Amino acid sequence: MASPIALAVLVFAVLIGQFPPITSANDNHGFRASLTRMRQHFSNYSAAVHRDTHRLAFLARAPTTNTTTTPALQALVENGAGAYHMSVSIGTPPLTFPAILDTGSDLVWTQCAPCTQCFPQPTPLYEPAGSSTFSKLPCASPLCQSMPSPFRACNASGCAYDYRYVVGFTAGRLATETLTVGGATFREVTFGCSTANGGHMDNASGIVGLGRSPLSLVSQLGIGRFSYCLRSDSEAGASPILFGSLASVTGDDVQSTPFVRNPAVPVRRAPYYYVNLTGVTVGATDLPVAPSTFGFTRAGAGGVIVDSGTTFTYFAEAGYVMLKQAFLSQTAGRLTRVSGAPFDFDLCFEAGGDLDVGAVPVPGLVLRFAGGAEYAVPRLSYFDAVDEQGRVACLLVLPTRGVSVIGNVMQMDLHVLYDLDGGVLSFAPADCTTI
């Protein structure tokens, strides 16, 4: 089908698989793709924390109701360590490249030739002049107009953009192309053709944004639901991602919680996937979580985002202080605390020099959400060895100011469903190889 939907779909198509052109979230079709986790080595834990810090600085910017000054479109540049890649093809003839799956951003983009300033990538640059299906997006296009005006310009190249972030930038023009994800091919998908970029993408050539704003892949395709199951680092092999009718989570262990809207963003599909974290239990102790602990401020700061592009989990300062104190009090006299500074973690302990971290006596962790959903977090998703020898193990939750984020490590070995039409996030423990 021809529409500004197609380019975001290309990234989507390589991602998934066997979906004929999709035009409606109500179609009875579905498609799937595979995700590969990058950089699973211990030495990359610190790098992941650094990247997360830059990402959080961007995510934490309080939105406002003024869409002319606040970016409703997100196109993060600094990304990589701990990210999940999927294979996408673009153009005619097709060029295949690895792209980062990102539920916390919206733009589907890749680097394009001629490139005036580009980061190193593992594949050749996409060359618009060499593709018979490339087309510039007119400035009058609704998708061009959906970009925030401070970052959008109309010039001889068409609908141009220039996004500047805490770390990194991307600039180029919007265009349409044929995209293939898995075995599914989509025509006229709108994407960002970036010719100047600053940042680090850790062996990826672009990003596939699955956020909630108009330019994201799922919005362009009209996809009403998608799901993924991220295999844990100890496992080898790819992780599945499913779209449309193939995306469902079933069984007796399914938990569900509604997405919530940031009160400062009065639109149905504001960029991020917010949920309401109502309680935290450490061991047998319920932390005194108040509505304000993880809630929004009047300006729209705070809240809790479920995000595939952030590696670890981050609690707003008030919530983290309670969490840390509960772990310290319940491990006192049982574990020896050591400095986490060399690894960029905060709360760390001696782990005995073996890699059987499951034998370290730390309390359990349960997260509770609005609607009655509970998540008993697996041990290695919140506490793990961070060095080669297994002598130091750390709490994989860190403090942050403003927005809290549930990152991809805490989502491992879960089948997570984003039901956009129903406004619900569902999840259940899963063996990802069976999805």
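Just so it is clear, the model here is predicted, and its values are computed rather than measured.
- Taking the six-membered ring where the residue is Trp, Y418 and Y228 present tilted rings, their angle falling between 30° and 60°.
- Remark: the N155 side chain and the R173 side chain contain no N/O donor-acceptor pair separated by less than 3.5 Å.
- Judged as a side-chain contact (heavy atoms from CB on, under 4.5 Å), and not counting sequence neighbours, the contacts of S131 are T92, Y126, T133, F134, E177.
- Scored by the salt bridge (Lys or Arg N to Asp or Glu O under 4.0 Å) test, R368 finds D286 as partners (sequence neighbours excluded).
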Start with the C-alpha distance between D413 and S232, add both sets of side-chain angles, then the distance that settles side-chain hydrogen bond (donor to acceptor under 3.5 Å, both in side chains), and finish with yes or no. CA-CA 6 Å; D413 298 321; S232 59; 3.2 Å; yes

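- Between L380 atom CG and M410 atom CE the span is 12.0 Å, to the nearest 0.5 Å.
- Panel note: side chain S141, backbone L143; a donor-acceptor pair is recorded below 3.5 Å.
- No side-chain donor-acceptor contact under 3.5 Å links D162 to the backbone of F151.
- Looking only at atom types and distance, the side chain of N276 has no donor-acceptor partner in the side chain of T278 under 3.5 Å away.
- Under 3.5 Å, the side chains of S216 and S213 contain no donor-acceptor pair of N or O atoms.
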Assess whether side chain to side chain contact (heavy atoms under 4.5 Å, CB included) is satisfied between I305 and I406, documenting all intermediate values. CA-CA 6 Å; I305 295 171; I406 299 174; over 6 Å; no

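- A donor-acceptor pair shorter than 3.5 Å can be found between the side chains of N197 and Q111.
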Given S404 and F294, is the side chain to side chain contact (heavy atoms under 4.5 Å, CB included) satisfied, shown in steps? CA-CA 7 Å; S404 299; F294 297 109; 3.5 Å; yes

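- Checked against the 6.0 Å centroid criterion, the rings of Y273 and F259 qualify as a close aromatic pair.
- Take D419 and apply the salt bridge (Lys or Arg N to Asp or Glu O under 4.0 Å) test, not counting sequence neighbours, and it matches R225.
- Donor-acceptor pairing under 3.5 Å is lacking for the side chains of D307 and Y272.
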May I have the step-by-step check of disulfide bond (SG atoms under 2.5 Å apart) for C159 and C144, ending in yes or no? CA-CA 6 Å; C159 183; C144 178; 2.1 Å; yes

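- Applying the salt bridge (Lys or Arg N to Asp or Glu O under 4.0 Å) rule to K324 yields the partners D346; only residues at least two apart in sequence or on another chain are considered.
- Every residue two or more places apart in sequence or in another chain was checked for a side-chain contact (heavy atoms from CB on, under 4.5 Å) with A153, and none qualifies.
- When only modelled atom types and interatomic distance are considered, D102 and S105 share a side-chain donor-acceptor pair under 3.5 Å.
- Here the straight-line distance linking atom CG of L137 with atom CD of Q145 works out to 9.5 Å at 0.5 Å rounding.
- Distance alone, capped at 3.5 Å, places no donor-acceptor pair between the T195 side chain and the C112 backbone.
- With sequence neighbours left out, the salt bridge (Lys or Arg N to Asp or Glu O under 4.0 Å) criterion links E127 to no other residue.
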